[in-house]
Amino acid sequence: MSLGNELSTLLLMKRGVTALNPIYLSFFTMTEHNSRDLPIYIVSCCMQEVIPVTLLSGTLGAGKTTFLKQIITCEHNYRMGVVINDVGEINVDANLIERHVESDEMIELSNGCICCSMRGDLEDSLIELATTEELDHLLIEPSGISHPKPVAKELIQGRSSAYYDLDSIITIVDARNFYDNLVDKKIGTDGNSNNKKPLPNQMIDGIEFCDTILINKKDLVNQIELTNVTETIENIQSKAEIKVTEFGDVEPKEVINTGRFDPEDVANSPVWKQVLHEKETGAEDTRNSDQGNHQHLSDEYSIDSFVFQCHQPMDPKRLATTLKSLPDEILRIKGRVHVAGIKDYALNLSVSGNHAYLDVSGRWIASLPQARQNNYQETREIEWHETWGDRETKIVIIGQDMDINSFKQTLENCVCSSTDYEQVSADPFPQTEGEFINF
Ligand SMILES: Nc1nc2c(ncn2[C@@H]2O[C@H](COP(=O)(O)OP(=O)(O)OP(=O)(O)O)[C@@H](O)[C@H]2O)c(=O)[nH]1
């Protein structure tokens, strides 16, 4: 038998073709030698399917997490993995999703953007997921201020690209926000004196850089506005499949495993031209090469974030007044609040655009019978305050050119002192009949 000692491994990286996963290759040297005294190698390899990936994109609060939750809770036969990135130090989106997926199938990447400072973490996490879990599909939700381009690039040509196949890039558009910023004000009104990119540019970048667009929040625009939004988007991106949604309601089969991502097709979009050019020439995208900080955000959009945290309850009236009159620089707030008068329930707070929502997130552990509290404390690591237990306000505030100290002070002013806490009525938000408080 003569096999020779040269082994060639062919890695087929095309869509739908099984890839020979390099780390699964194992070589055994046999004791038997052929006539030319060359060792005979037997290659044993595990064939591993590449995992199709849906990459989400969309500005802050557009509805990415809502869509993700909708997709993973729908009936389907896929074993879904999820990667969720949040720019804040607490991953609010991951907290909302974690109840719906196996913990091994979800990776949270917090306190940075996977397109820049956390690119290495993204790469490691993608490889770990692919090699430890048998996934049928992966959904990636970058933070609302990430550029999807570097993430796509990682999937196309990065270290993890051997395991994955970019199936589709879905951009979610907040119809209300888009209309107010780009239709009503007309595209191109970006006259800004300090060389910072106006935020609407981020919306356009996202629309150009995708194959599927979900025009979400259709309930917040009228039919004429929706038509205007759709036509404007078609003028920016003529190739993408466009769907109109409310709370991300779309059939999984319309958006998952569509194989819509096609580099040839998207080559005509200006942003994609850039990616392909970089791929062909090997030119580095210096804008995103900064691994250590958020320079791309501060340079382009001046976006910053901070976490506000306190155990003492918030005064509902002062909180409501603050939420109704937020400074324009505040783009997004999300997290849990502890409100005086609602001592048993944590509320989810979500602010995007001109809309603030508060809905019941679940019971505080401190409100449960002692035996259940003990059970929770034995099985989880819970930060426990001697007076308030786990009751706590923990919110992420994201803004553009915001005065962090001043807004921190505004929030501090909403916190109850121990005396006014006692005076808050048992029904602090009388209008909370339904699930949402929409200011
Ligand atoms: N009225 C309305 N609200 C929506 C719709 N979709 C989502 N929302 C609300 O909009 C807010 C933001 O939604 P998310 O899904 O958290 O948005 P996101 O894009 O994940 O936000 P970031 O992660 O901060 O970028 C939440 O309060 C949602 O409940 C919709 O179709 N209509």
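Sequence positions, counted from 1, serve as the residue numbers for this chain. Numbering of ligands and ligand atoms starts at 1, following listing order.
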Is there at least one pair of N or O atoms, one from [X] and one from ligand 1, spaced under 3.5 Å apart?
X	answer
Glu141	yes
Thr245	no
Tyr357	yes
Leu220	no
Gly248	no
Lys217	yes

* To do: Sort and list the pairs that fulfil salt bridge (charged side-chain N to carboxylate O under 4.0 Å, His left out) and have at least one residue in residues 219-237, not counting sequence neighbours.
  =>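 Passing the test, one end in residues 219-237: Arg176-Glu225.
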* Under 4.0 Å from ligand 1, counting heavy atoms only, is it the side chain of Thr66, its backbone, both or neither? ->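 Under 4.0 Å from ligand 1, Thr66 contributes backbone and side-chain atoms.
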* Taking C-beta and beyond as the side chain, do Asn222 and Leu226 meet within less than 4.5 Å on heavy atoms? ->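 Side chain of Asn222 against side chain of Leu226, heavy atoms only: no contact under 4.5 Å found.
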* **Element-labelled atoms of ligand 1 that are located less than 4.0 Å from some non-hydrogen atom of Glu246** =>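 Heavy-atom distances to Glu246 below 4.0 Å select 31 (O).
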* To do: State the atoms of ligand 1, each with its element, that fall below the 4.0 Å cut-off from a heavy-atom position in Lys64.
  =>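 Reading through ligand 1 atom by atom, the close ones are 15 (O), 17 (O), 18 (P), 19 (O), 20 (O), 22 (P), 25 (O).
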* Does any donor atom in the side chain of Thr171 or Ser57 lie under 3.5 Å from an acceptor atom in the other side chain? ->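 On atom types as modelled, these side chains qualify, holding a pair under 3.5 Å.
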* Asked: Just checking, is any N or O donor in the side chain of Gln409 or Asn405 under 3.5 Å from an acceptor N or O on the other one?
  ->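 There is no such pair between these side chains.
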* Using the ring of each side chain (for Trp, its six-membered ring), is Trp364 parallel, tilted or perpendicular to His338, with breaks at 30° and 60°? ->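 It falls in the perpendicular class, over 60°.
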* To do: Determine whether any heavy atom of Gly58 lies closer than 4.0 Å to an atom of ligand 1.
  =>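 Heavy atoms of Gly58 never come under 4.0 Å of ligand 1.
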* Asked: About how many Å separate OG1 of Thr212 and CZ of Arg260, when rounded to the nearest 0.5 Å?
  ->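 Here the interatomic distance stands at 4.0 Å.
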* To do: Decide side chain to side chain contact (heavy atoms under 4.5 Å, CB included) for Met402 and Ile330; before the verdict, give the C-alpha distance in whole Å, the side-chain angles of both, and the deciding distance to 0.1 Å.
  => CA-CA 7 Å; Met402 70 178 159; Ile330 304 295; 3.8 Å; yes
* Measure from atom 16 (O) of ligand 1 to every heavy atom in Lys69, Arg332, Lys334 and give the option owning the shortest one. =>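 Closest candidate by heavy-atom distance is Arg332.
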* Salt bridge present between Lys217 and Glu246 (N-O < 4.0 angstrom) ->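 Salt bridge between Lys217 and Glu246, a charged N being under 4.0 Å from a carboxylate O: no.
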